[in-house]
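In what follows, every chain begins at residue 1, and chains take the letters A, B, ... in the order their sequences are listed.
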Amino acid sequence: MRQASETVKDAGWKSVAWSGVQFAVPREWEPGRIGARHLLFECDDGPAMEIKWGPAGRGFSSRRYLRRLARRVARGGAVFRERALPVGGGSFPGPVEGLGFEWKGRDGGAVGALLFCPVCRTVSLLQFFLRASGTGGDRQALRVIDSFQDHRSDGRCAWALYDIRAVLPVHFRLVGHRFEAGLFMLEFRGRRRGLTLYRWAPAGVLLKDQTMDAFAAASAGGAGMDFRALTGAGRVGVEGVDPQPVGLAGRLKAVLRRPRFRGVRVWCVGRRNRILGVRLEAPQPVTAAELSELCRAYGMDDETEGETGVDPG
Amino acid sequence: MTRAEALGCIPVKNHHVREQRLESGELVIHYPVTARPWIVKVSTWLGAAETPPRIGKLHLDGLGSTVWAMLDGRASIRTIAAAFAREHRLETREAEVAVTQFVRELGRRGLVGLR
C-alpha cells in the first residue's frame, strides 16, 4: 500500500499507528476504544471514526464481505448502499482494492471504505460516522484514507497513540496495553523476550520526592537492581541490568530457576514533562546495545528516531 | 449525556466540607459522613439514640490539591482540565480523564455536586 510519511507534520493532524496499520487523523480525534485490531476515535460530538482490520482468509472477496455487512446493517433497520468514496486521484492508493459504502439509520449513519491489500492480504474496514456538527465529512475521510498504510517495507511495526511513538521489530507482538491518566504501558512478547514500554506524566510531580533510581525500581519493574546514571541528548536517565550469574553455583541456580534477566532504562523528557521507560526481559543477560536499540526506537510523538532515548554517558 | 455536555458540567463544593492545608501544601478534606438510611432505620427501631454524622477525612496529593483549588463553582470540568493540562503539560484528553475521574470520586463521597 501507499507509503505514508512516518510522522504527519501538520498542526491539525497527527499520526496513529497500531498493530500494523498507520494513518493520520485530525488532532482533535482521540481514541475512545482500543483493541488488538480495532480502534474507535471520538471527538466532542461523539464517535468520529472506527477501523477494524485483520488478515484476509483464502478466497476473500471484498464484494461478498460488503454484502454481509449490508445484511447486518439492514437487520438494525438502517439503509445501506455502495458509493464511490472521494479518494485522492480518483482511485485507492497503490495496489489496494477498495469499495466505498454508506449507511443511514434512525440514530445515525456513516460513510466508509473496505480496503484490501493483495500484498500483505490485510483487509481493513474504515467507517466515518455522520456527526451533528457535519464538519469535515468527506474531506477528512479522504485524507485519512489517503494516508492509510497497512504494512511497512522495513520489517518493523509502528506504534503511535496519544503522545508516544515506537517502531519495533515485527517479532514483538502486543500482548497488553494500558492507557490511563498518568500511565501508559505497552507490553510485547517475541523471540523469548518480553518488552514493556512505559510513559508516565507529569514528571515534575512524580520525581518531586524521589530519585530516578527509586522511581525506576518501583515503577518500571527494576526492584533489586543497581542503577547507573545516564545522560544524553540533554536528558537524564538511569539504566540497570541484571548481572550474569557468577560461579558454578550461580549458573546452576540460574539453570534450575530458568531466570529472566532484566534490562531497564528510564529517562526524563523534560520539555514535555514526561518520563519514558523501557524494560526488556530475556533468558540471557540483556546487553547495552540491545537496550539502546529499543530505546532509540521509542520516544515522544514529535521526536525522530535520532532524538529519542538517552545514550550512555 | 454526550461527552461535550459532561465536560461542560460545573463541579460545586459541598458547603459542609472543611479544608486543612498541610505544611507540604497538600490538602486534607474533612467532610460529614451520614449513615445509610436503612442503617438509621434499623438503629432507631432497635432504640439507639440518634448520633451526629461522623467526620470523614480525605488526604489529597499534590495533583488532587491543585484540582480541588480550581473548583470555584464557576469553572466547568473542561476549563479545569484545560488549566490542569497547561500547568502539567499534559495531553488535553489525558487531563480530562484525570480530572473527570477525580471529580467523580469526590462526587461519590458527596464532596461535590454537578450543575
Side-chain angles (χ1 to χ4, degrees), chain A residues 11-12 14-16 25-34 39-48 107-108 129 131-133 135 160-165 178-185 199-210 268-276 300-302, chain B residues 1-11 21-28 58-71 75-109 112 114:
Chain A
K14 60 185 175 188
S15 287
V16 168
V25 295
R27 195 158 280 280
E28 64 272 16
W29 292 7
E30 295 288 359
R33 246 179 263 161
I34 303 167
L39 292 171
L40 174 75
F41 289 89
E42 296 172 339
C43 59
D44 277 352
D45 301 340
D107 302 324
F129 298 104
R131 283 173 282 148
S133 64
T135 49
L161 221 47
Y162 295 105
D163 58 0
I164 55 172
R165 180 194 68 83
R178 275 170 74 180
F179 289 99
E180 293 168 4
L183 168 65
F184 297 170
M185 198 166 90
R199 195 230 66 169
W200 298 272
V205 174
L206 295 168
L207 296 176
K208 195 174 140 201
D209 297 320
Q210 62 183 332
C268 186
V269 185
R271 81 193 152 75
R272 299 285 300 267
N273 204 19
R274 311 284 201 270
I275 305 169
L276 297 181
M300 302 301 302
D301 55 355
D302 59 350
Chain B
M1 187 185 269
T2 65
R3 184 170 159 264
E5 287 166 346
L7 290 171
C9 289
I10 297 172
R21 190 165 287 277
L22 305 178
E23 281 179 19
S24 61
E26 294 175 350
L27 278 173
V28 177
L58 178 66
H59 187 156
L60 301 180
D61 63 7
L63 293 175
S65 302
T66 313
V67 176
W68 178 263
M70 292 179 194
L71 306 182
S76 66
I77 292 179
R78 186 192 296 277
T79 311
I80 295 166
F84 186 69
R86 263 197 314 277
E87 188 171 337
H88 296 289
R89 280 175 280 160
L90 293 173
E91 294 283 300
T92 310
R93 181 60 178 263
E94 191 174 15
E96 283 172 1
V97 170
V99 170
T100 308
Q101 282 174 351
F102 179 69
V103 170
R104 189 184 300 146
E105 180 58 26
L106 294 177
R108 201 179 61 78
R109 291 167 186 259
V112 297
L114 291 177

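In terms of heavy atoms, P11(B) sits closest to L114(B) at CA-CD2, 3.7 Å. For the residue pair S65(B) and E26(B), the shortest heavy atom distance occurs at OG-CA, 3.5 Å. Of all heavy-atom pairs between I10(B) and S76(B), the closest is CG1-CA, 4.0 Å.
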Notebook entry, point to check: For L106(B) and L58(B), what are the C-alpha separation, side-chain angles and deciding distance, and is it a side-chain contact (heavy atoms from CB on, under 4.5 Å)?
Noted result: CA-CA 9 Å; L106(B) 294 177; L58(B) 178 66; 3.9 Å; yes
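With Y162(A) contributing its side chain and D301(A) its backbone, the two residues share no donor-acceptor pair below 3.5 Å. K14(A) places a side-chain N or O within donor-acceptor distance of the main-chain N or O of W29(A), the cut-off being under 3.5 Å.
Residues satisfying the side chain to side chain contact (heavy atoms under 4.5 Å, CB included) test with E5(B), not counting sequence neighbours, are M1(B), T2(B).
Against chain A, the residues from residues 87-97 of chain B that qualify, each with a non-hydrogen atom under 4.5 angstrom away, are H88(B), R89(B), L90(B), E91(B), R93(B), E94(B), V97(B) in number order.
Listed options E42(A), R199(A), E180(A), K208(A) were ranked by heavy-atom pairs under 4.5 angstrom with chain B; first place goes to R199(A).
Proximity to chain B (any heavy atom under 4.5 Å) is restricted, for L183(A), to the backbone atoms N, CA, C and O. Using a 4.5 Å cut-off between heavy atoms, F179(A) makes no contact with chain B at all.
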